[in-house]
Amino acid sequence: MSVTERELELGHQFEDLEQQTEAYTVGMWVFLVTEVLFFGALFMAYIVYRSMYPQDFFAASGELDIALGGLNTAILITSSLTMALAVRSAMLDRWKAQIGYILATMGFAFAFLVIKYFEYSSKFEHHLFPGEHFDFKGENGEHAEMFFSLYFAMTGLHGIHVLVGILIMVALVYRTWRMRAQRQDYIPIELTGLYWHFVDIVWIFLYPLLYLIGPLGSGKG
Amino acid sequence: MSHTDAPKGTDYLHADYSIKSWLLTLDHKRIAILYLITISLFLAIGGSMALIIRMELLTPEGDLLMSDTYNKAFTVHGVTLIFFFLIPSIPAVLGNFLIPLMIGARDVAFPRLNLLSWYVFTTGGTLGVIALVVGGVDTGWTFYTPYSTSFSNTAVVTAVFAVFFAGFASIMTGLNFIVTIHKMRAPGLTWSRLPLFIWAQYATSVIMVLGTPVIAITLLLIAAEKTLRIGIFDPALGGDPILFQHLFWFYSHPAVYIMILPSMGVISELIACFSRKRIFGYEFVAYSSIAIAVLGFVVWGHHMFVSGQSMYAGMVFSVLSFLVSIPSAVKIFNWIATMHKGQIRLDSPMLYALGFIGLFTIGGLTGLFLAVMGLDIHVHDTYFVVAHFHYIMVGGAILGFFGGIHFWWPKITGRLYPEILGKLSAVLIFIGFNFTFLPQFIAGYLGMPRRTHSYSEEFQVLNVLSSAGASILASGTIIAVAYLLWSLWYGEKAGRNPWNAKGLEWETSTPPPTTNFERTPTVTEEAYAYGPDDESGEVNNERD
Ligand SMILES: [Cu+2]
């Protein structure tokens, strides 16, 4: 493709595409650092309370469904793979494959949220959502309530990130399709990829810390 | 000088007059103006609350305001002035305007994000006004749990969302500046040639990006606790209010440096220009900004000496708090050494700079008193603390902001303000400030508690002094606002470089064209290349 067509995508503030690419990449990494600290406060709270009430967290964790959580872990890891393949397709100028892989990633993300929805509703049914109706059959119910406060805060914030990821991917599919004939700037998909891997990694920490600290095989959903 | 000016009518102010061209602008200079207008409103709101508070405190009885109204008044004062005025003040206004100009770029790295940050900020500000003024919040700016979550039935949720939005705007600004300073510098502009204002903005941006997300999530958790009953801090669930304080101060101590570091950057520019000398120990001043940013993140526990953290943690935080004074002192000494044998000119920006040095030194030294655990227990929650942080945040941060506004006003607006009034208001502000807050050190040391609307009679003389000082401080500020606004229409037109200052921002025409420079400048010399042979600081207001 001709140089002029690619220059159309150069922001007025940049001297050349290289500067633009570097600026966007640095920007994305700075954003991810911000995100780490955003989740960091919640992980800090988790560390404090788990070290204060290890036995109660052990018991409360047993209420989570290890199988569904594990399935979601597998789904997110797979979605990271399809996302990486989408980035690769973009670099190779294979726009159809790129759209396909993004759609697959969106599908996995959606499946993740559906499973999360079923997990959440079963917690509501079993009165495990914090508040007036909270009812934990075991000792120190209030500490179990703290565990579930953390569970909903952390997975809820993570879920919002998954949702945002889906919205970004919708925009990406539209952009890729609209510019199908031209040689495309792969920075948008590459940065989305970075974001998506971050969302995946957060879950990789959440799953063991929330689901796997309880008695094995006692998941009741 | 043989610079080529942009043709008339193409400077950024006159490029387009429509409202839309302002509200949808991607020009960092116009966004800076939008921010300036918005934060001025918050300065007016927070400042008038200060006057109401000072009026109440004229007499020992709580006669003007009921105690709960008084609580709401100082919450408005604190929240608006900290989150909606001081934190965005220099970065979002002067930083936005100057960073691209100083580094020879056409704009910041992400102009759309820049505009978005203003909209997010304004949304937060609107929510804030609704929460604080219409609904009223009585927690103070610190939102301490469990009072904020379990007991206060004021508009806490709206207020924390307001601050949450302001925080996001601040993250966007910080991210934009980091990338801009890393990637957009003109050819030849190495890190060791950067103006110290840029170094200070860089250090500030790092704090914004690392600290703000922590307070953002902490405030969200307060909202979640109040609305969804997700009780992370709720003592009934075994939650720990001390954890809230840790998370709050992890941001809110560094936030002090978000306010003061940019001011220090401004002061470095002013001292060099009005002493006609290169900054003494440039590298030390530059790296001390970074050192302050880093050390600032490990001292938050000095706000919690009496709130139940372990004694050993207190000792560590005490020692670290002493350490952070070293880079601050490095700056003070370097500024003084810069002035030594310089050709000092006392124009109004320089008066603000000198005021800053004096007041910040007092604020910093009394900070050391407070870092001593034994003394802190004595003066904790008294007016001594109030006086200390006002010396930093008003005497330091706001004086730096005013000094910077006066210094770059001709470049920003293309007009000169009446210098004699500039000097008058600088002097009034300095005198008024000291009358307001010096007595508070004494009252606090003698035991007058903060945040109450009545006090015992022995403190009345000190409080009357303080309130009288506040009225002088307010008049100085109002005079400044008045002549600055006046100058927009009637001020003498400013030339390219009215202070005969060094720096790329003075090389372009006044006001700068939309794209900042005709062609990208190349930098061949260090910053502050002032010398004895450069017309020794004669005012050079040619319009070329
Ligand atoms: Cu502090």
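Here is how names work: the chains are called A, B, and so on, in the same order as the sequence lines, proteins then strands, and each is numbered from 1.
- The greatest number of non-hydrogen atom pairs below 4.5 Å with chain A, out of B:L228, B:D234, B:T180, is found for B:L228.
- For B:N176, no part sits under 4.5 Å from any heavy atom of chain A, backbone or side chain.
- Between the CZ atom in B:R229 and the CD atom in A:E145 there is a gap of 7.5 Å [rounded to 0.5 Å].
- If you measure heavy-atom distances from A:V48 to chain B, the contacts under 4.5 Å come from the side chain alone.
- When each of A:F134, A:Y24, A:F39, A:W29 is scored by its heavy-atom pairs under 4.5 Å with chain B, the top score falls to A:Y24.
- For A:Y151, no part lies near chain B; criterion is any non-hydrogen pair under 4.5 Å.
- Contact annotation for B:T520: only side-chain heavy atoms (C-beta onward) come within less than 4.5 Å of a heavy atom of chain A.
- Scanning both residues, A:A41 and B:L247, for their nearest heavy atoms gives CB-CD2, 4.1 Å.
- When heavy atoms are compared at a cutoff of 4.5 Å, B:A224 does not approach chain A at all.
- A:F38 and B:F168 have perpendicular rings, their planes meeting at more than 60° on a 0 to 90° scale where under 30° would count as parallel.
- Side-chain N or O atoms of A:Q13 include one that pairs as donor or acceptor with a backbone N or O of B:A109 at under 3.5 Å.
- Neither the backbone nor the side chain of B:V206 comes within contact range of chain A; no heavy atom of the residue lies under 4.5 Å from a heavy atom of that chain.
- In this structure a side-chain-to-backbone donor-acceptor pair under 3.5 Å is missing from A:Y49 to B:G238.
- A 6.0 Å sphere centred on CH2 of B:W22 holds more than 12 heavy atoms belonging to other residues, nucleotides or ligands.
- Heavy-atom neighbours of A:Y53 OH from other residues, nucleotides or ligands within 6.0 Å: above the threshold of 12.
- One distance of note links CE of A:M44 with CG of B:L243; it measures 7.0 Å at 0.5 Å rounding.
- With a threshold of 4.5 angstrom between heavy atoms, B:L113 does not approach chain A through any atom at all.
- Interatomic distance, B:K183 NZ to A:Q20 CD, rounded to the nearest 0.5 Å: 13.5 Å.
- Checked by atom type and distance alone, the side chain of A:S149 never pairs as donor or acceptor with a backbone atom of B:I232 at under 3.5 Å.
- Using a 4.5 Å heavy-atom cutoff, the side chains of A:F14 and B:R106 are not in contact.
- Both the backbone and the side chain of B:L210 come within less than 4.5 Å of a heavy atom of chain A.
- Of the listed residues (B:V214, B:D107, B:I217), the one with the most heavy-atom contacts under 4.5 Å to chain A is B:I217.
- Among the candidates B:A216, B:A105, B:P111, the residue making the largest number of heavy-atom pairs closer than 4.5 Å to chain A is B:P111.
- A:V26 touches chain B through backbone and side chain together, each having a heavy atom under 4.5 Å away.
- Atom CG of B:L237 sits about 12.0 Å away from atom CG of A:D56, to the nearest 0.5 Å.
- Contact check for B:I230 versus A:F129: side-chain heavy atoms found under the 4.5 Å cut-off.
- If you take CG on B:D240 and CE on A:M52, they are separated by 5.0 Å, rounding to the nearest 0.5 Å.
- Within a 6.0 Å sphere centred on OH of B:Y119, other residues, nucleotides and ligands contribute more than 12 heavy atoms.
- Within the 4.5 angstrom heavy-atom criterion, no atom of A:E35 approaches chain B.
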